[in-house]
Structures are given as C-alpha cells and as structure tokens.
Protein chains: 2
Amino acid sequence: MSQSTLLNYTHSKPLIQTVPYFHALDDDALRDVAQEMVERRYQIGELIFMEGEPDAGLHLVAEGHCKVYRLSEGGREHVLATLGPGDSCNEVPVVDGGPNPANFAALEDSTVWIISAEALQRLRRKHPALNDMIIKNLAMRCRQLVKRVYNLSFLSVTGRLAAFLLERSDEHSALSRRTWTQDEIAAHLGTVREMVARAFKELNAAGLIVVDRHRIEIVDREGLAKLV
Amino acid sequence: MSQSTLLNYTHSKPLIQTVPYFHALDDDALRDVAQEMVERRYQIGELIFMEGEPDAGLHLVAEGHCKVYRLSEGGREHVLATLGPGDSCNEVPVVDGGPNPANFAALEDSTVWIISAEALQRLRRKHPALNDMIIKNLAMRCRQLVKRVYNLSFLSVTGRLAAFLLERSDEHSALSRRTWTQDEIAAHLGTVREMVARAFKELNAAGLIVVDRHRIEIVDREGLAKLV
DNA sequence: GGCCCCATGAGACAAAAGTCACATACACTT
DNA sequence: AAGTGTATGTGACTTTTGTCTCATGGGGCC
C-alpha cells in the first residue's frame, strides 16, 4: 500500500493551479482545496480503488497515467477512460453516495490527489464555484459515455478503431502518448487483440493508415471519418 | 409544431411539487422555477428535439412517456432511456453549452416542461439547491450509461434481456407500464427484433420466465440474475 | 552475438449476432 | 364474421466476432 501525505499549501499550489479542473477557482478556494487533498503514489499496475466498494473519494491524477475500467465475468477488460495529469475521476460516488462505478489502476508510476466526499461537500458549500466544475465534469463524462454506447451498438470493430485513431491523433499525424499495445486498444474498444490486429490490417489495406514499424500514420482522415 | 404556454404559479405548483426532481426545493424556489417553465404538448410519435442541434433546454416529462434515443447510419435505433412523469433529460447541453447528445420523441401524447439554459443559469445562481439536483441527476445518468456500456460490451443479447426484465419488474411479478413490443425492447438492448424473440424463447426454455399471452412472468429471479 | 520475452501476424474454427423470408397469431375495424 | 394491419415465431443463411494455436520478429539483456 502507498503511504499518504498531507499536502501543505506551498507544496500543492503550484501544481494545483495547472489543473484545468481548478481553473475557475480563486486563490482562496484553491488554498482550501489544497488543504483537503491527500497525495498518494501508486506503482505501475497497482490497483487504486475497486468498483462496488464504498466511495473512494474524488481522484485527480497529478503525474503518470491511470485507467478507469470494468471487468467481465470472464476476466475481459473494458477501459472506460485513460487519465493523465489534470484528469479527474470518481465524482459520481462522491456526489451520490453510492459505490465506485468502476475500477481505477495505475498504468505507470503515478501520483494522485484524493479529496474525500465529506471534504468536497464542505468545500462545495464554501466555494460554490466547485459545483460548476463538478457539473461540467459530469456532463463531459456523460457525453463520452453516450458516444461509447453509440460506438458499441452501431459500429464494427474496424469502425471503433477508426474512431479511436481519429480521437487521439493531432492533425494528420501519429498517435500521441506512449505507444499503445493492441491489447490495450482492444480493451478500449471492447473487443480482443486479434480483432484489433485484423482491423489494423483492414484499414491499412484500404489505404487509410500506414503502419511503419509500430508507428501508425493516418493517411486519409476523411476516409477514417466515413467509417464512424 | 406544438404551441407553448407560459405556466403561472397556481397552475404548475401542484404538479411541480410532485416531481422528485424538485423535492429539495423550498416554495420560493419552486415558484421561481415554475415561472421559467414553458409547457409544451406533443403527439404520439412526435419528435421533441434532435441530436446535434443547439441546446434545446432542460426537459421534464409531466405526462405521458418519451424516449431518448440515437440512430445509426443504417437507421437502427438505440433507446438510451424511456422517461415518464417526473423524469428529466437534456441537462448535459444545458450545463455545457454543447449540442443535444441524443434525440427525444414522444411515445404517447405527452406534456413536457422546458426550462431554457439561460433561465436555469439564473435559477441556479438564485437557488443553489438546484445545483445539487443537477449534479444528482447527471450522476445517475452516468451510472446508467456505465451499466449500459458494461452490458453492451460483456453480455449476450440473452443476458441483456435478462437484465432488462429484472430492471423493470417489481418483486416476482410481470412487466410494469404498457406492454413492450419486441421491436421496442430490441431498441433498448441495442439489437434487432429477431434476436429478442430468440432470447425470450431461450429464457422460457430455461424455465426462468413464463410467457402467457403477451404477459411475461418472471419465475426465477436468481436464475435471471445469474445471466447478467 | 545469442537468448528470451513480449508483441504481433495469421489461419482454422466456433459461436454469436444480424439478415431475409415467410408463416402465424392477434387485435381492432367494418 | 370477415378482413386488415401489426406483432410475433421461426428457419436458413451470412457476417461478424471471439477462441485457440502457433509462427514471426524486434528489443533489450546477458
């Protein structure tokens, strides 16, 4: 288990104000928030909290990357989101008191800030601007989820891969972040590795992408967009 | 197009306070909300608003039933939710300013109350209790959507039908609300009518349900639960 | 260089889902 | 009572997805 350290203001403030999540907060609010935050470090692969367990608090990724995911009976994994610095998760149980809706684990050695539901409750009362942030964030998550339902229900694996590639590529170019394995992509698309391999082959054969030794280059954005 | 009528306080108050959505509001807030609500009536089958269009405002179903749904290229329909009296939808664009995430249409002749984003913005500032309601509602929607992603990605059609039946049946008994056609159920499960027919046959053969002339009786709740 | 691990490519097969076609049953109208 | 339109039951077939298995290949480590 990771040890927890209470942050003091001077520690966290420089970092905290870089988080888009807290952009709308004034210094006063920022200081109060920082005082309620607990910092924890997790090693690569480590489980941060589990679905079904009582509310683990609001989590903010400070460093590293983590994944939000669910597991099937058969042990298959569906990754709902990959979070990087500045991204948050688990606001749902924090505001409705229910259990965590998904698992959360570190993909790399990561630093995470945690605010308990009770602390957030207090902070919200004192700084109503926090309400807006929570609302914005929940709305964003809803949009993501609606899109995912659409993809799962209407698109083939190839179509979902096309959407995946378009989403995480800056104009014309290759994939950002570290390289993704086909297994990881499969977990994002709700399928298995072999299907991802076939879908890559298909997009390649159709001339929409070029796979140059593990570097994926998008050749035809419009063509990909037609598949989603 | 339906005509719109501005509600006055005496009209809407008796109705408005029955809506769970507004339970936490005091009389003062309730009156303000009522004054911003516009009532519209829609006929069976009528489209209320469309996905992709600019924010249509917060919608509250007062009478009748409506569906929130998306359509595929091929014209297949996926129903995200069926709403009855007291249920709300479209808070996402209202709070983030984006387009409507889905279509909304009347399943029966229905009465709907609408609050524009601007009005809600004003109301939220004046009555912070509204923030809590919006947050609770968005959180609930997130949970529903996460569950749906899980079902789509991990469960067979039979499993999804089992989950569907369990969700909308009170203890031991038959389906509530009006009767569902297999087409409607298919649209909820993200599949086609024929698959629903086969899934019913399978659950029937397994002794988990009994289909008695369009009335579906759940015989073995635990058995169904094992499929989800 | 040689070795090993892990990611990928790929074929054969099985299972699930979707499509098409048509028969049947039922509810409501006339 | 007959007729019509819609909902349902069902079989044959295609397509898509998933499983299993093994070959290939590159990167890092000794």
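Residue numbers begin at 1 in each chain, while the letters A, B, ... track the order of the sequences.
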Let's test your reading of the model: under 3.5 Å, does the base of D:dT17 pair with the side chain of A:Arg160 as donor and acceptor? no

Pair A:Arg160-A:Thr191, side-chain donor/acceptor within less than 3.5 Å: no

Of B:Phe49, B:Trp113, B:Tyr42, the residue whose pairing with B:His59 passes ring-ring contact (aromatic ring centres under 6.0 Å, His included): B:Phe49

Verify the contact: side-chain N or O of A:Lys201 to OP1 or OP2 of C:dG9, cut-off strictly under 4.0 Å; return yes or no. no

Would you kindly give the CE-to-P distance between A:Met195 and C:dA16, to the nearest whole Å? 16 Å

NE2 of B:His78 versus P of C:dG18: gap in Å, rounded? 12 Å

Let me know, please, whether B:Phe200 or A:Glu194 comes out on the 5' side of the other along DNA chain D by nearest nucleotide. B:Phe200

Could you check how far CZ of A:Arg198 sits from C1' of C:dA12, rounded to whole Å? 10 Å

Rounded to whole Å, please give me the gap between CG in A:Leu152 and P in C:dG18. 12 Å

With DNA chain C as reference, determine whether A:Ser153 or A:Gln182 sits nearer its 5' end, using the nearest nucleotide of each. A:Gln182

Okay, side chain of B:His78, backbone of B:Arg76: is any donor-acceptor separation there less than 3.5 Å? no

Mind calculating the distance between CZ (A:Arg215) and C1' (D:dG26) to the nearest angstrom? 16 Å

Check the distance between C:dG9's C1' and A:Glu202's CD and give it to me in whole angstrom. 16 Å

Does CD belonging to A:Glu73 count more than 12 external heavy atoms closer than 6.0 Å? no

Taking only the side-chain nitrogens and oxygens of B:Thr181, find out if one of them lies under 4.0 Å from OP1 or OP2 of D:dT6. no

Rounded distance (Å) that lies between atom P of C:dG18 and atom CG of B:Asp183: 13 Å

Protein-nucleotide distance (A:Leu189, atom CG; D:dT17, atom P), rounded to Å: 11 Å

Closest to the A:Ala197 side chain: D:dG18, C:dC20, C:dG9? C:dG9

Quick note, B:Val157 side chain, CB onward, closest among C:dA17, D:dT19, D:dA12 is C:dA17

Are A:Lys67 and A:Tyr69 in a cation-pi contact, defined as NZ or CZ under 6.0 Å from the six-membered ring centre and within 45° of the axis? yes

Determine the contact category for B:Arg76: base if any of its heavy atoms lies under 4.0 Å from a base atom, sugar-phosphate if only primed atoms, P, OP1 or OP2 are that close, otherwise nothing. sugar-phosphate

Can you say whether a donor on the side chain of B:Arg193 sits under 3.5 Å from an acceptor on the base of C:dG18, or the other way round? no

